[in-house]
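Here is how names work: the chains are called A, B, and so on, in the same order as the sequence lines, proteins then strands, and each is numbered from 1.
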There are 2 protein chains.
Amino acid sequence: MPYDPSAFPHFAVTVDLVVLTVRRHALCALAVRRGEPPYPGRWALPGGFVRADEDLAAAAARELEEETGLRAHAPSQPALPNAAHLEQLATYGDPQRDPRMRVVSVAHLALAPDLPAPRAGGDAHSVRWAPVDDLLDQDTAFRHDAEVSAPLAFDHARILADGVERARSKIEYSSLATAFCPQEFTVGELRRVYEAVWGVALDPRNFHRKVTGTPGFLVPTGGTTTRQGGRPAQLFRAGGATVLNPPMLRPEV
Amino acid sequence: MPYDPSAFPHFAVTVDLVVLTVRRHALCALAVRRGEPPYPGRWALPGGFVRADEDLAAAAARELEEETGLRAHAPSQPALPNAAHLEQLATYGDPQRDPRMRVVSVAHLALAPDLPAPRAGGDAHSVRWAPVDDLLDQDTAFRHDAEVSAPLAFDHARILADGVERARSKIEYSSLATAFCPQEFTVGELRRVYEAVWGVALDPRNFHRKVTGTPGFLVPTGGTTTRQGGRPAQLFRAGGATVLNPPMLRPEV
DNA sequence: CCAAAAGTGTTGAACATACACCCATGT
DNA sequence: ACATGGGTGTATGTTCAACACTTTTGG
């Protein structure tokens with residue numbers, strides 16, 4: 001079927017990734033250092049062009065694997081080892097957002113357990129996990145001891161902020177916080193995820209009762225561990241439940 | 001700055017609109033009948049191409065005004081007369097979703113008060129409000145008395161379902177339900193919005209206490225009305241609060 | 001008077017917080 | 001022994017669902 005290609009404008013379409021993990025009690029995002037203009041030397045979110053016959057989710061999964069080695073798994077699928085939660089976040093299409101040309105970027109949000117080390121992708125640019133506070137907050141970004149020293153390239157600060165906000169609100173009413181944990185984890189480890197993502201302290205006793213009392217949230221594996229020190233803790237896997245009812249309550253700020 | 005346009009694939013970018021309203025106790029969506037191939041004669045969501053120098057939100061607002069005469073207002077802005085809530089929903093980019101070419105569609109969700117009548121836009125194709133159940137449910141869609149008789153064109157059934165789901169969950173924890181009401185409304189009218197969107201019955205007494213007891217949700221205007229019959233009811237405007245804490249509770253299904 | 005919708009009071013169950021207290025390990 | 005994190009019990013307050021009851025209109 002013929003169609004006049006001059007009847008509509010042409011766009012480039014990219015996917016950008018907000019990849020979040022919890023490291024050393026802080027919520028961190030994956031950042032790559034740009035080599036080429038525009039914004040050479042600045043940190044940015046990983047991402048790339050969508051291919052001609054590629055679905056948006058497939059493009060996001062491909063970029064995720066290129067940058068981290070993680071495979072994506074669809075929501076409510078058994079958590080495989082080396083797999084991350086991946087979902088569409090939002091789309092950014094300001095005509096001026098890329099100085100080269102008109103680019104519409106479909107941002108995705110990925111949540112991953114703490115990984116041994118970020119691995120350089122097919123292109124060997126530098127990659128690192130940076131605390132989101134350093135990436136977003138101007139004051140800390142310009143502190144001399146901060147490892148990032150300028151705002152993110154393009155509109156990536158906005159995209160990252162939206163991704164963080166999505167993660168913060170979603171762990172409230174879904175079991176998504178388990179995506180930050182390894183396959184087997186303790187209640188205390190899960191609690192530290194909530195504390196890092198929300199930036200608050202939670203009562204360990206009430207948290208324990210809450211998560212173990214929500215049917216389908218956690219499944220005991222039978223094993224125990226003392227990797228956190230102290231009394232051995234039961235190990236759990238994520239259960240089948242995806243929505244939490246009643247939700248976890250985020251304390252007032 | 002030169003850039004090689006053959007280095008990346010070209011896409012067409014459209015906006016599609018899920019415009020919802022509550023009419024005669026039912027949640028309804030705006031549908032347009034297609035004149036041209038593909039899917040001639042089938043119902044579809046309103047939408048169109050994003051222009052070369054147009055932001056995504058601006059394109060959605062333009063299409064909304066062309067189809068309905070409604071202006072869009074940003075979140076948490078005073079509700080103007082003839083203005084609708086508009087927000088980005090999600091982006092759909094399956095390579096096969098449009099048989100003509102590669103089209104990425106950025107769907108938006110609009111919530112509007114019940115309007116006198118849908119008005120034909122710049123192009124004079126037919127437009128109507130259809131109950132979302134008729135548009136989505138195969139069984140009712142093929143009943144002889146249903147006014148729509150085939151599934152929506154393209155992947156619009158999926159987009160509509162996602163928009164309805166977004167609206168259903170958002171009125172739970174935000175004051176968005178007021179976007180379905182006229183500027184001044186009663187507690188009973190607001191309750192009927194929740195009942196239509198969720199498809200449930202709510203206790204009028206508890207609902208009244210809940211919404212009037214949430215600070216910033218409703219502001220009394222001083223007036224009263226008996227347009228629903230019975231004892232005169234106070235009139236309210238939407239207050240400044242956008243998030244509802246605690247949320248409205250959707251009864252179990 | 002009766003029907004209909006608005007609004008208030010009350011009660012018992014569910015759930016949240018705060019915190020006292022005990023348990024099982026490593027050093 | 002003691003520090004550390006895991007886990008249970010219990011008191012107190014808040015919120016919610018259910019429903020009896022009163023108020024103010026139209027017919």
Side-chain angles (χ1 to χ4, degrees), chain A residues 22 24-25 171-173 181-182 184-196 198 200-215 217-237 241 243-253, chain B residues 24-25 171-173 181 184-196 198 200-215 217-237 241 243-253:
Chain A
V22 174
R24 284 176 279 126
H25 251 231
I171 65 172
E172 207 164 346
Y173 58 89
C181 295
E184 296 202 344
F185 53 89
T186 69
V187 172
E189 288 162 351
L190 183 63
R191 176 171 47 82
R192 280 179 277 277
V193 164
Y194 276 91
E195 291 178 333
W198 285 344
V200 298
L202 300 174
D203 185 304
R205 291 87 53 123
N206 294 332
F207 183 87
H208 185 279
R209 222 193 325 263
K210 176 94 181 180
V211 296
T212 55
T214 300
F217 189 8
L218 299 183
V219 180
T221 65
T224 62
T225 182
T226 61
R227 61 185 173 224
Q228 301 291 341
R231 168 176 166 180
Q234 288 181 69
L235 285 168
F236 295 87
R237 285 185 297 101
V243 298
L244 259 40
N245 208 312
M248 291 296 305
L249 289 187
R250 173 154 39 161
E252 305 294 321
V253 206
Chain B
R24 285 175 281 126
H25 251 230
I171 65 173
E172 205 164 347
Y173 58 88
C181 295
E184 296 202 343
F185 54 89
T186 69
V187 172
E189 288 162 352
L190 182 63
R191 176 171 48 81
R192 280 179 276 277
V193 164
Y194 277 91
E195 291 178 333
W198 284 346
V200 297
L202 299 174
D203 185 302
R205 292 85 55 122
N206 294 333
F207 183 88
H208 185 278
R209 221 194 327 263
K210 175 94 182 181
V211 296
T212 56
T214 300
F217 190 9
L218 299 183
V219 180
T221 66
T224 62
T225 181
T226 62
R227 60 186 173 223
Q228 301 292 340
R231 168 175 166 180
Q234 289 181 70
L235 285 168
F236 295 87
R237 284 185 297 101
V243 298
L244 259 41
N245 208 313
M248 290 295 306
L249 290 187
R250 172 153 40 160
E252 304 295 321
V253 207

Rounded to whole angstrom units, what separation is found between the [atom1] atom of [X] and the [atom2] atom of [N]?
X        : N      : atom1 : atom2 : result
A/Arg250 : C/dT17 : CZ    : P     : 14 Å
A/Leu244 : C/dC15 : CG    : C1'   : 15 Å
B/Leu202 : C/dA5  : CG    : C1'   : 16 Å
A/Leu190 : D/dG6  : CG    : C1'   : 14 Å
A/Arg192 : D/dT4  : CZ    : P     : 14 Å
B/Phe207 : C/dA5  : CZ    : P     : 16 Å
A/Leu218 : D/dG7  : CG    : P     : 11 Å

- Base C/dA24 to side chain A/Arg231, donor-acceptor N/O within 3.5 Å cut-off: no
- Query: When only distance counts, do a donor and an acceptor, one from the side chain of B/Arg209 and one from the base of C/dG9, lie under 3.5 Å apart?
  - Reply: yes
- Within the structure, does a side-chain N or O atom of B/Gln228 lie under 4.0 Å from either OP1 or OP2 of C/dA4? no
- Would you say C/dA6 has OP1 or OP2 under 4.0 Å from some side-chain N or O of B/His208? no
- Taking the nucleotide of DNA chain C with the closest heavy atom to each, which residue, A/Pro232 or A/Lys210, is nearer the 5' end? A/Lys210
- By nearest nucleotide on DNA chain C, pick out whichever of A/Leu249 and B/Thr186 is the more 5' one. B/Thr186
Nearest listed nucleotide, side chain of [X], among [options]:
X        : options                : value
B/Asn206 : D/dG7, D/dC19, C/dA18  : D/dC19
B/Asp203 : D/dG7, C/dT25, D/dA18  : D/dA18
A/Arg205 : C/dA16, C/dC19, D/dA17 : C/dC19

- Mind checking whether B/Tyr194 and B/Arg250 have side chains closer than 4.5 Å, heavy atoms only? no
- Message: Contact between A/Leu235 and A/Thr224 at the side-chain level, heavy atoms closer than 4.5 Å - yes or no?
- Response: no
Indicate, with a heavy-atom threshold strictly under 4.0 Å, whether [X] touches base, sugar-phosphate, or nothing.
X        : result
A/Arg191 : sugar-phosphate
A/Pro204 : nothing
A/Arg227 : nothing

- For A/Arg227, does the CZ atom have more than 12 heavy-atom neighbours from other residues, nucleotides or ligands under 6.0 Å away? yes
- Kindly compute the distance separating CG (A/Leu249) from CZ (A/Phe207), expressed to the nearest 0.5 Å. 12.0 Å
- Would you say the side-chain atoms of B/Glu195 pair up with the backbone N or O of B/His25, donor to acceptor, closer than 3.5 Å? no
